[in-house]
Amino acid sequence: MGHGGGGAMSGELIEHLFLPAYGAAAAADLGDSAVLTVGSGTRLAFSTDSFVVKPMFFPGGSIGDLAVNGTVNDLAMSGATPLFLSTAFILAEGTALSDVGRIAQAVGRAAEDAGVRLVTGDTKVVEHGSGDGVYLNTSGIGVIPPGVDIHARRALPGDAVLVSGDIGVHGVAVMSCREGLEFGTTVESDTAALHGLVAAMLATGTDLHVLRDPTRGGVSASLNEIARASDVGIELVERLLPVPPAVRDACSLLGLDPLQVANEGKLIAIVPAEDADRVLAAMRAHPLGRSACRIGSCVPDHTGMVVARTGLGGSRVIGLPIGEQLPRIC
């Protein structure tokens, strides 16, 4: 299970098993989406993702809208305008058709809201005991505007690290409706399509260096991947991290770090420091970025590592999650 958690074990599986097996056939850029040049220079973003969240319905959403929004966001993190999605359903024998219908309707609504078309798909049914409810795979294609160059390798010392809002919300929302886990308040998932927010950020004219949506492995995994890809250090200010009280309390109860809890409607942006205020203003003017804030900076020290300055004046290393903290949160 740890190999599917989005942390260090997932990275090892890709680096030491899949890439060597694929050999020369692999395009090993390893971003949220692949950037492909076709025709006379048109750049496409292409991404695929699978969703196995349990339960299938949770406060604020379901596996259906999660699948659409997740793939739309992977495309958006390269600056692309999402256009087309595929949908593949893997159904366990005995799953109620009423549940399948609810999920299909959620897929349709989310696609309409995001302005993307569902153009191809597939359905498979597996024997009882070989699956669990509904699993979904979605793939997506979008177009990247000219002049946009967003990549995890582009973070530079001095850049500002921004986040679009409260973190850890989705993971806690899913946990809150699992058997025996009650936190005294209802936390709703933040699942949302972020390409409109990204478009507003690009409209400022800022050269956005890096965008990531911190899903599996949370903010910690995303920032560690960026630090390693760009060979910079990242320094966070712990008191600036936007962790809502309900998330902080739930993580304290369960012994979790909010930085390692999944999000499904937030993004991390790394931008030149001189442009940070302008980008933050654009984010805060958008409904999905009202609580955007700066949480740290890229630094030339401790390259490849993420460090948080604590309220007591010390610091702690924010490492990659090792295994699976929360089963089936996306």
Side-chain angles (χ1 to χ4, degrees), residues 4 6 32-34 44-78 80-126 130-143 169-171 173-178 187-199 213-216 262-267 287-288 326-330:
D32 284 339
S33 59
L44 300 179
F46 176 48
S47 184
T48 189
D49 206 347
S50 299
F51 298 84
V52 295
V53 64
K54 182 178 180 180
M56 299 182 293
F57 306 97
F58 46 82
S62 72
I63 192 173
D65 43 77
L66 194 66
V68 172
N69 293 338
T71 297
V72 164
N73 292 346
D74 283 347
L75 298 173
M77 294 307 106
S78 63
T81 300
L83 298 176
F84 307 111
L85 295 186
S86 70
T87 57
F89 280 71
I90 300 175
L91 312 176
E93 179 187 17
T95 302
L97 287 179
S98 58
D99 287 343
V100 179
R102 285 178 64 191
I103 292 167
Q105 289 173 354
V107 168
R109 286 194 302 269
E112 288 183 11
D113 291 344
V116 297
R117 295 186 61 200
L118 306 173
V119 294
T120 188
D122 183 45
T123 306
K124 293 290 189 296
V125 178
V126 297
S130 298
D132 189 0
V134 176
Y135 298 158
L136 267 172
N137 173 274
T138 47
S139 297
I141 295 174
V143 175
V169 177
H170 173 72
V174 172
M175 284 191 295
S176 71
C177 55
R178 288 193 174 135
V187 179
E188 292 195 351
S189 172
D190 57 351
T191 177
L194 296 170
H195 57 302
L197 176 59
V198 172
D213 61 328
T215 53
R216 289 180 306 165
N263 311 269
E264 290 292 347
K266 301 295 187 300
L267 64 79
L288 296 179
L326 308 171
R328 297 189 184 179
I329 46 79
C330 63

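Computed from heavy atoms alone, side chains included, the values below leave out hydrogens, waters and symmetry copies.
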Query raised in the report: Without hydrogens or angle criteria, can the side chains of Asn137 and Ser50 be said to hold a donor-acceptor pair below 3.5 Å?
Result: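 There is such a pair between these side chains.
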Query raised in the report: Among side-chain atoms of Ser47 and Ser33, is any donor-acceptor pair under 3.5 angstrom?
Result: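 Absent: no donor and acceptor within the cut-off.
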Query raised in the report: Which pair of heavy atoms, one from Ala110 and one from Asn69, lies closest together, and at what distance?
Result: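 Result for this residue pair: CB-OD1, 4.3 Å.
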Closer than 3.5 angstrom, by distance alone: can the side chain of [X] be matched with the main-chain N or O of [Y] as a donor-acceptor pair?
X: Thr191; Y: Gly61; result: no
X: Ser189; Y: His170; result: no
X: Ser139; Y: Ser86; result: no
X: His195; Y: Ala114; result: yes

**Report entry** Pairs involving residues 98-123, ordered by first then second residue, that meet side-chain hydrogen bond (donor to acceptor under 3.5 Å, both in side chains) (sequence neighbours left out)
**Finding:**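 Every pair satisfying side-chain hydrogen bond (donor to acceptor under 3.5 Å, both in side chains) with a residue in residues 98-123: Asp122-Lys124.
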Report task. Evaluate the criterion salt bridge (Lys or Arg N to Asp or Glu O under 4.0 Å) for residue pair Lys54 and Asp132; output intermediate values, then yes/no. Result -> CA-CA 9 Å; Lys54 182 178 180 180; Asp132 189 0; 3.3 Å; yes
Approximate separation, where rounding is to 0.5 Å, of [X] [atom1] and [Y] [atom2]:
X: Leu267; Y: Met77; atom1: CG; atom2: CE; answer: 5.0 Å
X: Thr138; Y: Leu118; atom1: OG1; atom2: CG; answer: 9.5 Å
X: Phe84; Y: Leu75; atom1: CZ; atom2: CG; answer: 12.0 Å
X: Glu264; Y: Phe58; atom1: CD; atom2: CZ; answer: 7.5 Å
X: Leu194; Y: Asp74; atom1: CG; atom2: CG; answer: 10.0 Å
X: Ile103; Y: Asp65; atom1: CD1; atom2: CG; answer: 10.0 Å

